[in-house]
Amino acid sequence: MPLVGIGDITRHAPAGVGAFNVILLEHAEAIVAGAEAADTPVVLQISENAVRYHGALAPIAVASLAVARAAAVPVAVHLDHATDRALVEEAVTLGLGSVMFDASALDDEANVAATADVVAWCHERGVWVEAELGEVGGKDGVHAPGARTKPHEAADYVARTGVDALAVAVGSSHAMTTKDAVLDLDLIAELHAAVPVPLVLHGSSGVPDDTLRAAVRHGMKKINIATHLNKAFTEAVRGHLDTHPSVVDSRAYVRVGRDAVAREVTHLLNVLS
């Protein structure tokens, strides 16, 4: 199946769009397998942290693109949380159809200027751009989980930058390993009414399933999940190694982790739809 863009998925998806982070090739394979089981489009995301882990973008990006092209459901490949303009340009050159440019560590005016410049460059090349106003909790920035994005500021930011989607702070936090985040659903509805582009929920691993459903009903469109899948992968691998202490073939236990991630992706896509 040909690659699709996030824009195509968000326009046609009746509910929430699941966007899951890829660290290893097995993550990409598992996410697509889970999406195929749910018969639902999906987004493979590669973060700047994952690029740093691999030492380069190309190996994991090219592998993810290959997995996406072979999928039986529409799959988009997306660069997540990129702070480096050069990394954005490399991602576009490699064939990624969308990027999340994260200038949230800058002051507001510098954020607007840098983001607008990236948006203009990407739009000339047909690439969809997500950005963040302020910073969602868990990234050592200005937003603790209690921080909230103001609807009028969000609308102004979108108008001044031209971004295609906006990540907002509504109570979630990155890297949560427990599902007890409390979202401000009324604020999500207000943001949805004020902002003319899809809203993105970062830090969704800590959000209970019922709250994810409610967030989508109130206007969230793209739902980012990473830590929850890493937790499932690690627990499955740890359990297999505890049960089979003599195993030395990494395929035996990595396969177990991959299967666990696929199951979680299927479950979460069904929650979002």
Side-chain angles (χ1 to χ4, degrees), residues 5-11 13 16-17 19 43 45 48 78-85 87-89 92 97-174 181-204 207 214-224:
I6 293 182
D8 295 324
I9 293 176
T10 56
R11 276 193 299 273
V17 174
V43 179
Q45 302 196 143
E48 191 170 276
H78 174 73
L79 180 66
D80 184 40
H81 274 293
T83 61
D84 183 355
R85 168 68 179 267
L87 185 61
V88 168
E89 295 182 3
V92 172
S98 60
V99 302
M100 189 269 183
F101 181 62
D102 185 357
S104 60
L106 304 177
D107 64 58
D108 288 346
E109 288 303 315
N111 181 338
V112 167
T115 303
D117 189 48
V118 167
V119 168
W121 187 89
C122 285
H123 282 182
E124 288 176 356
R125 292 154 179 82
V127 172
W128 188 94
V129 182
E130 173 189 337
E132 187 171 316
L133 178 60
E135 187 166 356
V136 177
K139 289 282 185 182
D140 300 321
V142 296
H143 280 182
R148 299 291 184 268
T149 300
K150 296 179 175 60
H152 71 279
E153 292 181 353
D156 180 67
Y157 182 84
V158 170
R160 296 174 67 193
T161 60
V163 295
D164 301 293
L166 186 68
V168 292
V170 293
S172 59
S173 181
H174 290 98
V182 178
L183 301 186
D184 189 332
L185 298 175
D186 290 338
L187 177 57
I188 293 173
E190 292 174 17
L191 287 162
H192 179 59
V195 176
V197 299
L199 299 177
V200 184
L201 184 65
H202 284 224
S204 303
V207 182
V216 170
R217 287 197 304 270
H218 282 73
M220 277 292 173
K221 177 57 74 171
K222 178 171 174 277
I223 310 298
N224 287 14

ask   = Please walk me through it: do H218 and L191 pass side chain to side chain contact (heavy atoms under 4.5 Å, CB included)?
value = CA-CA 9 Å; H218 282 73; L191 287 162; over 6 Å; no
Problem - Contact check, side chains of H81 and E132, non-hydrogen atoms, under 4.5 Å - result: yes
* Expected output: side-chain E48 to main-chain T83 donor-acceptor under 3.5 Å -> yes
Of all heavy-atom pairs linking R85 and F101, the shortest is N-CE1, 4.4 Å
One should read off an interatomic distance between T115 OG1 and D102 CG, to the nearest 0.5 angstrom, of 8.5 Å
Nearest heavy-atom approach of V99 to C122 is CG2-SG, 4.1 Å
Interatomic distance, NZ@K222 vs CG@L166, rounded to 0.5 Å, equals 11.5 Å
- Can you tell if the side chain of T10 reaches within under 4.5 Å of the side chain of D164, non-hydrogen atoms only? no
Taken in chain and number order and not counting sequence neighbours, the residues that satisfy salt bridge (charged side-chain N to carboxylate O under 4.0 Å, His left out) with E190 are none
For S98 and H78 the tightest heavy-atom approach is OG-ND1, 2.8 Å
Closest heavy-atom pair, L79 versus V88, reported as atoms and distance to 0.1 Å, is CD2-CA, 3.9 Å
Report task. Show the numbers, then the answer: is there a side chain to side chain contact (heavy atoms under 4.5 Å, CB included) between L183 and M220? Result -> CA-CA 11 Å; L183 301 186; M220 277 292 173; over 6 Å; no
| field | side chain to side chain contact (heavy atoms under 4.5 Å, CB included) between V17 and I6, intermediate numbers included | value | CA-CA 9 Å; V17 174; I6 293 182; 5.6 Å; no
Q | Whether T149 side chain and A169 backbone form a donor-acceptor pair below 3.5 Å | A | yes
In short, L106 meets N111 closest at the heavy-atom pair CB-N, 3.9 Å
Heavy-atom closest pair (A165 atom, V197 atom, distance to 0.1 Å) is CA-CG2, 3.8 Å
Item checked: Evaluation steps, side chain to side chain contact (heavy atoms under 4.5 Å, CB included), between M100 and Q45 -> CA-CA 10 Å; M100 189 269 183; Q45 302 196 143; over 6 Å; no
(Q) In the structure I gave you, are the side-chain heavy atoms of Y157 and V195 within less than 4.5 Å of one another anywhere? (A) no
_Less than 4.5 Å apart, side chain to side chain, heavy atoms only: is that true for L199 and K221?_
no
The test is salt bridge (Lys or Arg N to Asp or Glu O under 4.0 Å); show your working for E153 and R148 and say whether it passes. CA-CA 11 Å; E153 292 181 353; R148 299 291 184 268; over 6 Å; no
